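Source: prediction; values computed, not measured. Note that ligands are numbered from 1 as they come in the structure, with each ligand's atoms numbered from 1 the same way. Along the sequence shown, residues carry numbers from 1.
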Amino acid sequence: MSSRFTSRLLLAGLLCLLFISPSLAQAAKAVTDPTPQQALEILKAGNERFVAGKPLRGHQDAARVQQADASNQADHAFATLLSCSDSRVPVEIIFDTGIMDLFVVRVAGNVVKTDEAGSIEYGLAHVHTPILVVLGHTKCGAVSAVSSQAQGNNLVLERNIPPLLAPIFPAVRTAMHEHPEAKGAALLPFAIEQNVWQSVSDLFMMSPVTRELAAGNKVLVKAAMYDLATGKVNWLPQDKVTALLQAAEKDPKRVVKAMAPLK
Ligand SMILES: [Zn+2]
């Protein structure tokens, strides 16, 4: 019996109990094949439980560990997320999820270069998650460092950090251009949001399969901002994601080869 078929049998049983137990409802959603919109609603509901201080903490027990060992994650994980490495943004916790729920890429400043784009392609094209969330967060140290440097402060950073942070510079320059009144630390919130858009744009430019899945409505690409002060995930305007996808599709500099040979 295939694991997906087993999941469907489990789902049928769980659906009967949907209105009895919220934790079972959560489990049922996690084992079915949610649409992009349903996947978004699961994430929103999880963050609301987290903010309310009423997390279910599902999928975190020994049974789930055993299930994960015996499963194909593609039958269960329902979202791919790109977020910052910052310890204050523990992705599974803030969405009240557990083992085998999220395919997570974490990197300082939630930047997108080859490694991150390739990891996201795994999440979308192989784990088949119907949603991708690019998640920035308030008070991001990586964006703060670049913002400070771009405003004339000479920072000396360890050997590998400047190339890591390089993709953030265009975002900071855009924020400075759009908000000339914002000086010093006042620029940071604008730079942080612009950096999320930069990552979405960089991904669309680098990843033909991401463009294809997003344009075909197979994957919903969402941009969001995590507020350290409240624990809330604030969802950014969808029309901007759409505009960035359309811009990338027309840009001659976009990567057009779908596959590269393994070497
Ligand atoms: Zn950060």
Please check if the side chain of R49 supplies one atom and the backbone of K54 the other of a donor-acceptor pair under 3.5 Å. no
I'd like to verify the contacts: list protein N, O or S atoms under a distance of 2.8 Å from the Zn ion (ligand 1). C84 SG, H137 NE2, C140 SG
Is L203 close to I120 at the side-chain level, that is, under 4.5 Å between some pair of heavy atoms? yes
Do H59 and H76 come within less than 4.5 Å of each other through their side chains, counting heavy atoms only? no
Name of the residue among L81, L43, I42 meeting side chain to side chain contact (heavy atoms under 4.5 Å, CB included) with I131: L43
Under 3.5 Å donor-acceptor pairs involving side-chain atoms of residues 215-235, not counting sequence neighbours:
from : atom 1 : to   : atom 2 : distance (Å)
K222 : NZ     : Q238 : OE1    : 3.0
D227 : OD1    : A229 : N      : 2.8
T230 : OG1    : K232 : N      : 3.1

Between the side chains of Q194 and Q198, does any donor sit under 3.5 Å from an acceptor? no
